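Reading through the structure tokens given below for one structure.
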Amino acid sequence: MSDELLSPQAPPPANSAGRELIDLLSSMRFAITVFVVIIIASITGTVVRQHEPLNNYVNQFGPFWSELFGKVGLYTIYGAWWFLVLLAFLVVSTTLCIARNAPKIVHDLKTYKEHVREQSLQAHHHKAIGSLPVSGETALGQVSAVLDQLGWKAKAQVRPNGTMVAARRGMANKIGYLSAHSAIVLICLGGLSDGDIVVKALMKLQGKSVYTGAGLVSEVPAQNRLSPSNPSFRGTLPVPEGGRAATAIINMPDGVVLQDLPFDVELKKFIVEYYQTGMPKLFASDIAIRDHATGKITEHTVKVNAPVIHDGIAIYQSSFDDGGSKLKLTALPLRSAQAKPFAIEGAVGGGTLLSNGNGDDKLTLEFSGLRVINVENLAGGKDESASGADVRKVDLADALGKHLGSGAKSNTPKTLHNVGPSFSYRLRDAAGQAREYNNYMAPVELDGQRVFLAGVRDDPNESFRYLRIPVDEDMGMDGWLRMRQNLADPVMREGAAHQYAVAATPGDKPQMTPQLEATAKRALALFAGVEGVKPGEALPAGGWGGLPALSQFIESEVPAAERQRVSEVLLRILNGSLYELYKLGRERANLAPPAGNEATQAFMTQAVLSLSDSMYYPAPVLLRLDDFTQIQQSVFQVTRAPGQKLVYLGAIFLIIGVFAMLYVKERRVWIWLEPTSPDNTRVRMALSSTRDSPDTGLVFEQLKAALQLKE
């Protein structure tokens, strides 16, 4: 029971608006409410990536929600005004709680509350009455000795009719309250001093602004740079192998701010090791730091969770990227029979102009990345029909979904393999719209067939859809490319249709040759995407041809009852005509006729599906990676965090405070000694605890047993 009940209540102070406000701010309910809101906001800030370019949020949330979320500061939560206000309220509330309760706690730490009345001991839950067969003075000595032996601190008050012994234990519980609340204040102050508020305040005071342009870091003007004396910042520092950098990048939703450093960081060597799954197991950087003030050069190795501290600035190993690897490519035209392959050289991060094949507009080719290691799940399935091996059984929608899907799609257990290097690039049109491409350098074995993978996606949030290009007998893609270009040549289509008709006409029915030839020409023209379903019909702008064109022709021109039969006949004619086209292409290239074996049949099966998909490949050329020189780039996070020590100190205080409040119980015991005769003393005792628990009763019984009270 609380001791305040034992003394008269003081009259409440007069209410006022200021007093009510202070009571609200210092109340535990208000502090917990603010704390919960801060936790929810922090979780949101963890889920939603902070300080990303605005375009990323538009792609993720859409124009309306991205603008709304931006106005409420969802992309910079830890620097948003409302979040800082919440932190300020929490600091004020916790400080007021400490200020209001600290005097009382200090008073409780100093007092034993020996002035309580003996009659009030009966009001406690744990109480006992007994006697000791000794005099009052002897009883006091015995009680004091027992309390001291059991770890109680005691104080006695002698009264005319007896002696009140007051003892206490576990006073660290009170210190835990102050320690935990002080920890919250220290952590909040440390977080505020290391947050965006310092950077924004300096920008406002010094007239700095956010840089929204592009170009080299060295070309950014001084009004977008913060000085090396900035007391608090957190930015990224990308450094390529063999290069050096002295300017960190602080990302903002609407641009960047550059932070000049008082030293240069040179990346001498980047080290990376991989797990079997292709995930990085270890990456570290051997660096040399050259101090601008002294010119001294020191060498270090930065690892994950092992930063290097220089001049009060911590350098963390954050991630790694491509540092401008050199690429040698061959552009393989797809849409023109006369266009020839041509060489392209570039570096990751750079770009060049590329013709779209029509001679009017130009496409901008942007090299975006190189991955030397790609680990994919290439477990093969046992159901041959599910792989789309027989084009007569292909469901067109399902076939496009499979062959323009993941390069490693499979329902079988995972079998991980490194499939070699790949490179990614973007083709941007005159309107600024871009598609992203990802092509593998070496062929990959899928469903028992070795194929080259050429991926494309329209949006960064989508997965790549891969075009599978079968390898020829030389383990290249030249055989498939000849077929793709010859499809665009009307002379080659006519020759293939004629040869098929001659070969397929029965010897006793020579009159069928013209009809078969006309049907083969029509099938090849539809498949090549040069004719519509109706003669003279305009072709769709988004791509036309392949198996979908034949399907649409059958649905439009053939009665429903005849579609199954006509579909099988038309696919048989198409397969035969494409095979003749393949032979003509080899003959024109002065190559031997194809061997009539299973390998050729497998090649043609995959080639038909791949050629069909290629009609919808949204680029005039296919880029093939011939050679590369890899240059790694290490991405460091550089921070100057003066509030870090406050946060660490607050964490220590928080651990101490929580431990003290949870595991240390404050207990007080009062023992009233009243002599009833020279050889007998009546004893009345009571015990109170801040939190009643099962062991409280055990402690009280232990004390009774140690005193050897007689009932």
Side-chain angles (χ1 to χ4, degrees), residues 1-8 104-179 656-711:
M1 175 177 286
S2 176
D3 298 324
E4 281 86 356
L5 298 176
L6 306 179
S7 59
K104 179 183 176 182
I105 292 174
V106 172
H107 180 265
D108 287 344
L109 291 174
K110 293 180 178 179
T111 61
Y112 288 79
K113 299 186 178 180
E114 69 275 12
H115 300 286
V116 300
R117 296 176 304 212
E118 59 270 21
Q119 295 85 353
S120 66
L121 301 185
Q122 289 297 111
H124 289 271
H125 177 70
H126 299 283
K127 57 184 181 294
I129 298 178
S131 62
L132 291 175
V134 294
S135 64
E137 185 176 346
T138 304
L140 177 60
Q142 290 182 1
V143 169
S144 299
V146 168
L147 291 174
D148 184 66
Q149 183 181 3
L150 296 179
W152 294 82
K153 302 294 183 180
K155 184 177 183 180
Q157 183 186 55
V158 180
R159 300 177 184 176
N161 56 340
T163 303
M164 177 64 74
V165 179
R168 66 187 188 186
R169 193 170 70 178
M171 298 309 293
N173 177 271
K174 297 286 188 181
I175 300 176
Y177 175 90
L178 293 176
S179 179
I656 295 174
V658 171
F659 182 86
M661 290 191 295
L662 292 181
Y663 297 101
V664 178
K665 299 180 180 67
E666 179 194 359
R667 294 190 175 103
R668 292 181 181 270
V669 66
W670 293 269
I671 302 176
W672 171 246
L673 304 176
E674 183 180 359
T676 57
S677 68
D679 296 326
N680 189 69
T681 302
R682 187 172 67 174
V683 180
R684 176 178 295 174
M685 60 183 298
L687 182 143
S688 70
S689 177
T690 52
R691 292 191 315 277
D692 201 4
S693 58
D695 65 330
T696 303
L698 296 177
V699 171
F700 188 67
E701 294 300 324
Q702 179 190 29
L703 184 58
K704 283 176 56 180
L707 291 175
Q708 299 179 356
L709 297 180
K710 294 183 178 181
E711 300 295 334

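Being a predicted model, the structure only gives us computed values, none of them experimental.
- The shortest non-hydrogen separation linking Gly176 to Met661 is C-CG, 3.7 Å.
- Remark: Lys155 pairs with Glu114 by the salt bridge (Lys or Arg N to Asp or Glu O under 4.0 Å) rule, at least two apart or across chains.
- Using a distance-only test at 3.5 Å, with no hydrogens or angles considered, a donor-acceptor pair links the side chain of Thr681 to the main chain of Val134.
- Within 6.0 Å of the CD atom in Gln708, the count of heavy atoms belonging to other residues, nucleotides or ligands does not exceed 12.
- Across Arg117 and Ser120, no two heavy atoms sit closer than the pair O-OG, 2.7 Å.
- The stretch residues 142-177 participates, sequence neighbours left out, in these ring-ring contact (aromatic ring centres under 6.0 Å, His included) pairs: Tyr177-His181.
- Side-chain contact check for Ile129 versus Trp672: every heavy-atom pair is 4.5 Å or farther apart.
- By the salt bridge (Lys or Arg N to Asp or Glu O under 4.0 Å) test, Arg168 is found to be paired with no residue, residues two or more places apart in sequence or in another chain being considered.
- Under the side-chain hydrogen bond (donor to acceptor under 3.5 Å, both in side chains) criterion, Thr676 pairs with Asn680, sequence neighbours left out.
- Residue pairs meeting the salt bridge (charged side-chain N to carboxylate O under 4.0 Å, His left out) criterion with at least one partner in residues 156-167, sequence neighbours excluded, are Glu118-Arg159.
- Considering only residues two or more places apart in sequence or on other chains, Glu666 meets the side-chain contact (heavy atoms from CB on, under 4.5 Å) condition with Met171, Asn173, Lys174, Arg668, Thr690.
- The side chain to side chain donor-acceptor pair (under 3.5 Å) pairs that include a residue from residues 140-149 number zero, where partners must be two or more places apart or lie in different chains.
- By the side-chain hydrogen bond (donor to acceptor under 3.5 Å, both in side chains) test, Thr138 pairs with Ser135, sequence neighbours left out.
- The two residues Ala172 and Val664 have their closest heavy-atom pair at CB-CG1, 4.2 Å.
- Applying the ring pair (Phe, Tyr, Trp, His ring centres under 6.0 Å) criterion to Tyr112, with sequence neighbours excluded, gives no partner residue.
- In this structure a side-chain-to-backbone donor-acceptor pair under 3.5 Å is present from Arg169 to Leu150.
- Looking at residues two or more places apart in sequence or on another chain, you find no salt bridge (Lys or Arg N to Asp or Glu O under 4.0 Å) involving Lys665.
- The side-chain contact (heavy atoms from CB on, under 4.5 Å) search around Leu707 returns Val143, Val146, Ile671, Met685, Leu703, Leu709, not counting sequence neighbours.
- In this structure, Pro675 and Gly162 approach most closely via the heavy-atom pair CD-CA, 4.2 Å.
- Side-chain contact between Val669 and His126: absent, with no pair of heavy atoms (C-beta onward) separated by less than 4.5 Å.
- For Arg684, there are no salt bridge (Lys or Arg N to Asp or Glu O under 4.0 Å) partners at least two apart in sequence or on another chain.
- Checking side-chain atoms of Ser179 against main-chain N and O of Ile175 turns up no donor-acceptor pair under 3.5 Å.
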